[in-house]
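Within every chain, numbering begins at 1; the chains are lettered A, B, ... in the order of the sequence lines, protein sequences first and strands thereafter.
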Protein chains: 2
Amino acid sequence: MAHENFTIGDLAKATETKVVTIRYYERIGLLPEPERTAGNYRSYSASHLGRLSFIRRARDLGFAIEQVRDLLSLSDQRDRPCEAVDAIACEHLAEVERKIADLQALRRELGSIIDQCGCGTIAECRIIEALSP
Amino acid sequence: MAHENFTIGDLAKATETKVVTIRYYERIGLLPEPERTAGNYRSYSASHLGRLSFIRRARDLGFAIEQVRDLLSLSDQRDRPCEAVDAIACEHLAEVERKIADLQALRRELGSIIDQCGCGTIAECRIIEALSP
DNA sequence: TCTTGACCCTATAGTTGCTACAGAGTGCAT
DNA sequence: ATGCACTCTGTAGCAACTATAGGGTCAAGA
């Protein structure tokens, strides 16, 4: 029972990943190449499913592909200290916080520009004016 | 005096844009093609400077290239109502707000995962665990 | 048995907004 | 006259996929 195999479509459905994306992950070496059937179809095992789930979760949390690659290789070295994992996660968190701050500044500026628009003609539009030199 | 001309490098410095980026904007039709000198150098006028400043400002505010293109063409039609301008700006603001919300959700999740890490070995790392299926 | 339709295969090009070469020409100052 | 900073064109690369073309495979129904 531990030997069930999946087609790429099965794997796609199970992990909510597109088929092309799975092939892409294989091409860039994130997901190991699976066996092939007689008809040259990819044939995945449970370990592929696990690995792809890991990738998806990490990607959903916004980790970059290279970070995911590092996390995957760390997750295989089970008796090493987890500081490296922590470092990647914290770096990513800091990045997210920086992006939030940037976007909040943007929102303020954009909001104040929009608020000034009296919606007359473009000649008197404050939005265009704010963009003009 | 209204007839000073600039090299691409001058324009780059004045607008804090890279030279290659200016050529890129020309290639995609965002910035009109300038005259050329005898030596085939681009020769820009004040109107180019104005237009590039507009582009830079809009890009700094996070508008996509296609939105900038629309804003530019609207800004030339001075006696039309400015609702279209307003629509582009509001659409962009909504997008920014959506991104902020997404990133805040991400930050919460990431933060709570990191908080759980006791920094032992990877085998017991909560971060890896949170990613694993 | 044949055929339909859903699936799978590879390879290549497109997306966004630039950035980075390579290899060549221009222009000004010393 | 020669060095150096600047400019030119064209092409390829980045992230992280997505789309398209042009085929092959497989299970089920008529």
If you find the nucleotide of DNA chain D closest to Arg27(A) and the one closest to Asn40(A), which residue's nucleotide is nearer the 5' end?
-> Arg27(A)
Rounded to whole angstrom units, what separation is found between the CD1 atom of Ile22(A) and the C1' atom of dC7(C)?
-> 14 Å
Hey, does the side chain of Tyr24(A) come within less than 4.0 Å of dA15(D)'s phosphate (OP1/OP2), counting only N and O?
-> no
The helix from dT1(C)-dA30(D) to dT30(C)-dA1(D): angle between terminal helix axes, five bp per end, to the nearest 10 degrees, reads 30°
Show the numbers, then the answer: is there a side-chain hydrogen bond (donor to acceptor under 3.5 Å, both in side chains) between Asp10(A) and Thr7(A)?
-> CA-CA 5 Å; Asp10(A) 296 338; Thr7(A) 66; 3.3 Å; yes
Looking at Thr21(B), does any N or O in its side chain come under 4.0 Å of the phosphate oxygens OP1/OP2 on dT19(C)?
-> yes
Is Arg57(B) paired with Glu109(A) through a side-chain N to carboxylate O contact shorter than 4.0 Å?
-> yes
Flag side-chain contact, heavy atom, 4.5 Å: His48(A) against Arg42(A) = no
Within less than 4.0 Å of OP1 or OP2 of dT26(C), is there a side-chain N or O belonging to Thr37(B)?
-> no
Given dT10(C), is OP1 or OP2 found less than 4.0 Å from the side-chain N or O atoms of Arg36(A)?
-> yes
Taking 4.0 angstrom as the limit, do Asp76(B) and Arg51(B) come out as a salt bridge?
-> yes
Is any side-chain nitrogen or oxygen of Thr7(B) closer than 4.0 Å to OP1 or OP2 of dT7(D)?
-> yes
Side-chain N or O of Arg69(A) closer than 4.0 Å to phosphate OP1/OP2 of dA15(D) | no
Can you check the Glu26(B) CD to dG17(C) C1' distance for me, whole Å?
-> 17 Å
Sidechain N-carboxylate O distance under 4.0 Å for Arg69(B), Glu66(B) = yes
To the nearest Å, how far apart are Asn5(B) CG and dT7(D) P?
-> 14 Å
Any Arg42(B) side-chain nitrogen or oxygen under 4.0 Å from OP1 or OP2 of dT7(D) | no
Just checking Ile8(B): base, sugar-phosphate only, or nothing, at a heavy-atom cut-off of under 4.0 Å?
-> sugar-phosphate
Should Leu52(B) and Tyr44(B) count as side-chain neighbours, where that means a heavy-atom distance under 4.5 Å?
-> no
Apply salt bridge (charged side-chain N to carboxylate O under 4.0 Å, His left out) to Arg126(B) and Glu129(B), showing your working.
-> CA-CA 5 Å; Arg126(B) 300 293 182 148; Glu129(B) 203 172 289; 3.8 Å; yes
Separation of atom CD in Glu35(B) from atom P in dT7(D), rounded to whole Å = 18 Å
Phe6(B) CZ - dC6(D) P separation (whole Å) = 18 Å
Can you tell me the distance, in whole Å, between the CD atom of Glu66(B) and the P atom of dT15(C)?
-> 10 Å
Tell me which nucleotide among dT10(C), dC17(D), dC8(D) gets nearest to the side chain of Arg23(B).
-> dC8(D)
Measure the distance from CD on Glu33(B) to P on dT7(D) and round it to the nearest whole Å.
-> 18 Å
Is any NZ, NE, NH1 or NH2 atom of the basic residue among Glu95(B) and Arg98(B) found under 4.0 Å from an Asp or Glu carboxylate oxygen of the other?
-> yes
Select base, sugar-phosphate, or nothing to describe what Ala64(B) touches, counting heavy atoms under 4.0 Å on all strands.
-> sugar-phosphate
Nearest-Å distance for atom pair CG/P, residues Asp10(A) and dC26(D) | 15 Å
Pair of N/O donor and acceptor under 3.5 Å linking dC6(D) base with Tyr41(B) side chain = yes
Out of dT18(D), dC8(C), dA20(C), minimum distance to the side chain of Val20(A) belongs to dT18(D)
